[in-house]
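These figures come from a predicted structure and were not determined experimentally. Along the sequence shown, the residues carry numbers beginning at 1. Values reported hereafter were calculated over all heavy atoms of this structure, with side chains retained and with hydrogens, waters and symmetry mates removed.
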Amino acid sequence: MGFYWSDNELKCKQDHKVYSVAEIVEGLTDPIYLYDLVGLRHRMSVYKDQVGKKGHVHYAVKANDHPRILKEFVDAGFGVDVVSGGEFSKCLAAGFSPADIVFSGVGKTSEEITLAISEGVGQINIECPQELERVAFVASHLGKKVSVAFRMNPDVDAETHPYIKTGFRENKFGMDRSFLPELERILAANSRHLELRGLTIHIGSQIRSVKPMVEAVEKTLIDFEVLRRRGFNLLSFDVGGGIGIDYESEDLEADETFIQEYLKKIREVLDPVGCEVVFEPGRSLVARFGVLLGEVQYIKKTPFKTFAILNTGMHHLMRPALYEAHHRIVPVKARPEGSAELYDVVGPICESADVLGRERMLPSLSQGDWLGIMDAGAYGAVMVSDYNSHRRPEAVFVGD
Ligand code: LLP
């Protein structure tokens, strides 16, 4: 299943059919994002089959918001997690019911909150008391009652890159329990327009160990039980997203084993609580099923390095420049007789940070060869920038 490299070629296997990526890029002159919807459907079913009766999966749209991909999630009966009015509107356009949308995000504007409440959003995740007041104000103005959840900051170390840790006390996200009295006061003053449905956390992304996730749930459960004892009818515990993948390997089964282990552990902790459990995965659903494909424009040898300069780079996939993230890079088609060489695979942007892969041993490359930057289905196309005014890569779907 999925994208894989064999017999010197990048291929995509969908059920019993094998596609050659070289045939897909033939004749193209611009980079593309290539997606495998069949692999994605299979990955969705891994989540669906394991969440249990009281579990709901709300796909974190920020990972990839392409309409075609959103449609797959609508068809498979997923909810969504959005973080802006823009994402909210894209989800409505894709066919999601507003009731299946959870609205997260740390800086929602009045305009965004108005859009969400007037459309009938399922739940708004609250990040600070002022936001709760704003939501109450908008809801009363519209004459509506809205379900909210408090995003807690459990102060755990998610063991991931510092830029994508979100559940540590020094992060801007969530609230510790000292906020609860003020939040309760705002709830009480606005009981006709606000309903506290539950608590939510999200401690970071690309997390490769279940331990900090369970620790965060257990810490937050203390507040959950306290609020229940104080008379709040909490119905839902939203554990956020965060499950990582192994970017060094193409082992899809290892991802699935980790997802299953994670869901099992979270269910062990939360099933006895008797509430609905919401999961908000992004990366672990879509990352594997997208590849960024670019063409070698020049091979440049200096006394220090050999550069493969592509027509794609940090403007199309920002993760290596921003987080020094590793993505496997493979030739779309290698010459069987060629030898291997060490390359820095770089883009056309006028920044030395524009490196997609440093010191990669690759089969000998020439001008006109295509390379695949793997596992780029999450936080790839959504983070494309217009810097240097290059065209954005088109999305192409295997087997279309
Ligand atoms: N829920 C909330 C509230 C989030 O902030 C996020 C991601 C997710 C769910 C989904 O997390 P996931 O399952 O994808 O880890 N651009 C970075 C990742 C930023 C993630 C931000 N929040 C990267 O490329 O690694």
query = If only atom types and distance count, is the side chain of H315 paired as donor or acceptor with the main-chain N or O of L317 below 3.5 Å?
reply = no

request  = Look at atom CD of Q260 and say whether more than 12 heavy atoms of other residues, nucleotides or ligands are closer to it than 6.0 Å.
outcome  = yes

task = Classify the side-chain pair Y247/Q206 by whether it contains a donor and acceptor separated by less than 3.5 Å.
result = no

query = So, do F224 and F237 have ring centers that fall under 6.0 Å from each other?
reply = yes

message = Whether the S140 and R192 side chains hold a donor-acceptor pair (N or O, under 3.5 Å, no angle test) is what I'd like checked.
response = no

Exercise: identify the closest heavy-atom pair between M175 and P129 = SD-CD, 4.0 Å

ask   = Does atom CZ of R228 have more than 12 heavy-atom neighbours from other groups under 6.0 Å away?
value = yes

inquiry  = Are L356 and H327 packed together at the side-chain level, in the sense that at least one heavy-atom pair is separated by less than 4.5 angstrom?
reply    = no

request  = Flag the pair P212 / I207 as yes when at least one side-chain heavy-atom distance between them is below 4.5 Å, and no otherwise.
outcome  = yes

inquiry  = When you measure from the side chain of N153 to the backbone of F173, do you find a donor-acceptor pair of N or O atoms at a distance under 3.5 Å?
reply    = yes

note = Smallest heavy-atom separation, R177 atom then D223 atom, equals NE-OD1, 2.6 Å

inquiry  = Test your reading of the model: is there a side-chain donor-acceptor pair from H193 to the backbone of V146, 3.5 Å cut-off?
reply    = no

request  = Might you confirm whether atom NZ of K264 has over 12 heavy atoms from other residues, nucleotides or ligands at distances under 6.0 Å?
outcome  = no

inquiry  = I'd like to know if D36 and K13 make a salt bridge, using a cut-off of under 4.0 Å between side-chain N and carboxylate O.
reply    = no

inquiry  = I'd like to know if the side chain of E87 and the backbone of V83 have a donor-acceptor N/O pair within less than 3.5 Å.
reply    = yes

ask   = Is the backbone of E195 close enough, under 3.5 Å, to the side chain of K145 for a donor and an acceptor to pair up by distance?
value = no

message = Using a 3.5 Å distance criterion without hydrogens, assess whether the side chain of D354 forms a donor-acceptor pair with backbone atoms of M314.
response = yes

task = Count the heavy atoms belonging to other residues, nucleotides or ligands that lie under 6.0 Å from OH of Y298, then report whether that count exceeds 12.
result = no

query = Would V74 end up clustered with V57 when hydrophobic side chains under 4.5 Å apart are linked, directly or stepwise?
reply = yes

message = Heavy-atom count check: over 12 atoms from other residues, nucleotides or ligands less than 6.0 Å from E225 CD?
response = yes

ask   = Which atom names give the shortest non-hydrogen contact between A308 and L365, and what distance separates them?
value = CB-CD1, 3.9 Å

task = Find out whether R283 and S205 are in side-chain contact, i.e. whether some heavy atom of one side chain is under 4.5 Å from a heavy atom of the other.
result = yes

query = Can you find a heavy atom in the side chain of Q50 that is under 4.5 Å from one in the side chain of I259?
reply = no

Donor-acceptor pair, side chain of N311 and main chain of E295, under 3.5 angstrom = yes

inquiry  = If hydrophobic clusters are built from ILVMFWY residues whose side chains come within less than 4.5 Å, do F103 and I186 share one?
reply    = yes

ask   = Who are the side chain to side chain contact (heavy atoms under 4.5 Å, CB included) partners of V355, not counting sequence neighbours?
value = V346, R358

query = Do R288 and E250 pass the salt bridge (Lys or Arg N to Asp or Glu O under 4.0 Å) test, and can you show the C-alpha distance, the side-chain angles, and the key distance before you say yes or no?
reply = CA-CA 8 Å; R288 293 292 197 186; E250 64 176 21; over 6 Å; no

query = Would you say the side chain of D251 lies within less than 4.5 Å of the side chain of D246, judging by non-hydrogen atoms?
reply = no

query = So, the side chain of H316 versus the backbone of V384: is there a donor-acceptor pair under 3.5 Å, distance only?
reply = no

ask   = Taking the side chain as C-beta and beyond, is there a heavy-atom pair between V21 and E9 under 4.5 Å?
value = no

task = Taking D375 for its side chain and A287 for its backbone only, find out whether a donor-acceptor pair lies under 3.5 Å.
result = no

query = Do N125 and Q123 have side-chain N/O donor and acceptor atoms under 3.5 Å apart?
reply = yes

ask   = Are L227 and L199 side-chain neighbours, meaning at least one heavy-atom pair lies under 4.5 Å?
value = yes

request  = Go through the steps to decide whether W370 and L28 satisfy the test side chain to side chain contact (heavy atoms under 4.5 Å, CB included), and finish with yes or no.
outcome  = CA-CA 10 Å; W370 282 74; L28 296 183; 3.9 Å; yes

task = Please step through salt bridge (Lys or Arg N to Asp or Glu O under 4.0 Å) for the pair K108 and E131, ending with a clear verdict.
result = CA-CA 8 Å; K108 305 175 199 78; E131 184 190 1; 2.4 Å; yes

ask   = More than 12 non-hydrogen atoms from neighbouring residues, nucleotides or ligands closer than 6.0 Å to NZ on K333, yes or no?
value = no

task = With rounding to the nearest 0.5 Å, note down the distance linking CG in D157 to CD in E215.
result = 9.0 Å

Residues K54, D271: salt bridge by 4.0 Å N-O rule = no

inquiry  = Which heavy atom of I101 sits nearest to which heavy atom of V121, and what is that distance?
reply    = O-CG2, 3.3 Å

remark   = Residues Y59 and N64: closest non-hydrogen pair is OH-O, 2.7 Å

inquiry  = Can you tell whether the side chains of K301 and E341 come within less than 4.0 Å, N to carboxylate O?
reply    = yes

inquiry  = Could you work out, with side chain to side chain contact (heavy atoms under 4.5 Å, CB included) as the rule, every residue matching D65, not counting sequence neighbours?
reply    = V61, K90, V382

F397 and Y35 aromatic centres sub-6.0 Å = yes

key: Heavy-atom donor-acceptor pair, D369 side chain to S366 backbone, under 3.5 Å   = yes

inquiry  = With rounding to the nearest 0.5 angstrom, report the CD1 to OH distance, I164 to Y323.
reply    = 6.0 Å

task = Can you establish whether the number of heavy atoms outside K211 located under 6.0 Å from its atom NZ is more than 12?
result = no

key: Same apolar cluster: L292 and L10, side chain cutoff 4.5 Å   = no

query = Do the side chains of V239 and F150 join up, straight or via other hydrophobic residues, at under 4.5 Å, putting them in one cluster?
reply = yes

query = Hey, quick one: are V82 and V278 part of the same hydrophobic cluster, counting side-chain heavy atoms closer than 4.5 Å, chains of contacts allowed?
reply = no

task = Check the surroundings of atom NZ in K300: do more than 12 heavy atoms from other residues, nucleotides or ligands lie under 6.0 Å from it?
result = no

task = Classify the angle between the aromatic ring planes of F137 and H141 as parallel (below 30°), tilted (30 to 60°) or perpendicular (above 60°).
result = parallel

message = When you measure from the centre of the six-membered ring of F78, is the NZ or CZ of K48 closer than 6.0 Å and no more than 45° off the axis?
response = yes

query = Does the side chain of D81 reach to within under 4.5 Å of the side chain of S104, using non-hydrogen atoms?
reply = yes

